[in-house]
Amino acid sequence: MPRAPSPSTAAHAPKASPDTVYREVMESIVDQRLPAGLRLNELAMCKVFAISRREMERVLARLAFEGVVSTIPNRGAFVASPDAQEARAIFAARKAIEAGVVELAAARASGADFRTLERNIGDEDAHRRAGRMREAIKLSGRFHVLLSEVAGNPILADQVRLLVARTSLVTSLYENAQQMGCWHDDHANLLGHLR
């Protein structure tokens with residue numbers, strides 16, 4: 001997420017659309033720049049993005065509906081902190097949905113699709129070896145989103161995108177990011193099976 005502008009530049013910050021703010025905040029949650037449990041200061045975010053409080057409330061409501069933000073009356077909005085039961089449910093949903101995604105992708109994948117997926121795996125591996133774990137985590141999740149796009153079903157792709165975001169919260173709370181189980185080798189092996 002962008003750094004808050006100084007008071008002198010805040011008045012001159014370009015106005016962001018609510019969709020842009022949504023994407024920025026979602027991306028910051030997925031790559032763990034906004035960690036689980038963090039309080040989201042609505043007024044500060046309004047200044048950073050140069051949007052109205054009403055627009056920010058709509059953005060936060062959308063993120064809450066999608067399960068990546070929790071709102072607590074009279075306390076504010078927080079990045080969601082899934083408990084162990086919710087974490088298990090998220091992984092069970094991913095297992096069920098992504099099985100269908102893989103089946104569809106296997107029937108549809110082209111040479112260009114494989115090149116895109118291989119490029120993602122290579123970039124993820126380069127970031128991981130360089131110790132840039134946030135970037136690697138983001139690309140690991142991106143692999144699943146790309147695969148769901150190859151499957152050709154936009155409803156499934158949207159569900160995978162949301163589940164990847166929620167998985168990022170789970171891994172930030174319960175797993176050591178250095179030893180995540182779904183990395184380069186798993187993705188490369190899956191590509192081999194798809195071929």
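Just so it is clear, the values below take in all heavy atoms, side chains as well, and ignore hydrogens, waters and symmetry mates. Remember, it's a predicted structure, so these values are computed and weren't measured experimentally. Residue numbers start at 1 and run along the sequence shown.
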Student check: side-chain heavy atoms of [X] and [Y] closer than 4.5 Å:
X	Y	value
Phe49	Thr20	no
Val21	Pro18	no
Lys138	Glu27	yes
Leu146	Glu149	yes
Ser168	Gln32	yes

Rounded to the nearest 0.5 Å, what's the gap from [atom1] on [X] to [atom2] on [Y]? Could you check?
X	Y	atom1	atom2	value
Ser172	Leu169	OG	CG	5.5 Å
Leu190	Leu147	CG	CG	6.0 Å
Glu55	Cys46	CD	SG	8.5 Å
Arg142	Ile121	CZ	CD1	13.5 Å
Ile90	Leu162	CD1	CG	11.0 Å

Looking at residues at least two apart in the chain, or sitting in another chain, which of them share a side-chain hydrogen bond (donor to acceptor under 3.5 Å, both in side chains) with [X]?
X	value
Arg53	Glu42
Glu135	none
Gln159	none

Could you work out, with salt bridge (charged side-chain N to carboxylate O under 4.0 Å, His left out) as the rule, every residue matching [X], not counting sequence neighbours?
X	result
Glu86	Arg166
Arg195	Glu118
Asp83	none
Asp31	Arg33

Determine whether Ser148 and Val101 satisfy the following criterion, side chain to side chain contact (heavy atoms under 4.5 Å, CB included), listing intermediate values before the conclusion. CA-CA 6 Å; Ser148 69; Val101 165; 4.0 Å; yes
Check the hydrophobic clustering (I, L, V, M, F, W, Y; side-chain heavy atoms under 4.5 Å; chains of links allowed) and say if [X] and [Y] are grouped together.
X	Y	answer
Val145	Leu191	yes
Ile29	Met56	yes
Leu139	Phe114	no

Kindly state each residue pair satisfying side-chain hydrogen bond (donor to acceptor under 3.5 Å, both in side chains) with at least one member in residues 95-108, sequence neighbours excluded.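 Non-adjacent pairs meeting side-chain hydrogen bond (donor to acceptor under 3.5 Å, both in side chains): Arg94-Glu98, Glu98-His144.
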Atom pairs and distances, donor-acceptor, side-chain atoms in residues 59-81, under 3.5 Å, two or more places apart:
unit_1 : atom_1 : unit_2 : atom_2 : d
Arg62  : NH1    : Asp19  : OD1    : 3.3
Glu66  : OE1    : Tyr22  : OH     : 2.5
Glu66  : OE2    : Tyr22  : OH     : 3.3
Ser81  : OG     : Gly37  : N      : 3.1

Looking only at heavy atoms, what is the nearest atom pair of [X] and [Y], with distance?
X	Y	value
Asn41	Ala44	OD1-N, 2.9 Å
Ser52	Lys15	N-NZ, 4.3 Å
Ala87	Pro82	N-CB, 4.5 Å

For Val30, give me all partners under side chain to side chain contact (heavy atoms under 4.5 Å, CB included), at least two apart in sequence or on another chain.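 For Val30, the residues satisfying side chain to side chain contact (heavy atoms under 4.5 Å, CB included) (neighbours in sequence not counted) are Met26, Ala165.
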Report the residues that fulfil side chain to side chain contact (heavy atoms under 4.5 Å, CB included) with Asp113, sequence neighbours left out, ordered by chain and then residue number. Ala109, Ser110, Val150
Apply side chain to side chain contact (heavy atoms under 4.5 Å, CB included) to His193 and Val102, showing your working. CA-CA 10 Å; His193 290 297; Val102 168; over 6 Å; no
Linking Ile, Leu, Val, Met, Phe, Trp and Tyr by side-chain heavy atoms under 4.5 Å, what else ends up with Leu43?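 In the cluster with Leu43 there is nothing else; it is isolated.
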Do any N or O atoms from the side chain of Ser28 and from the backbone of Glu24 form a donor-acceptor pair under 3.5 angstrom?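 Here the side-chain-to-backbone pair exists.
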The single option from Leu163, Asp158, Val164 passing side chain to side chain contact (heavy atoms under 4.5 Å, CB included) against Val160: Val164
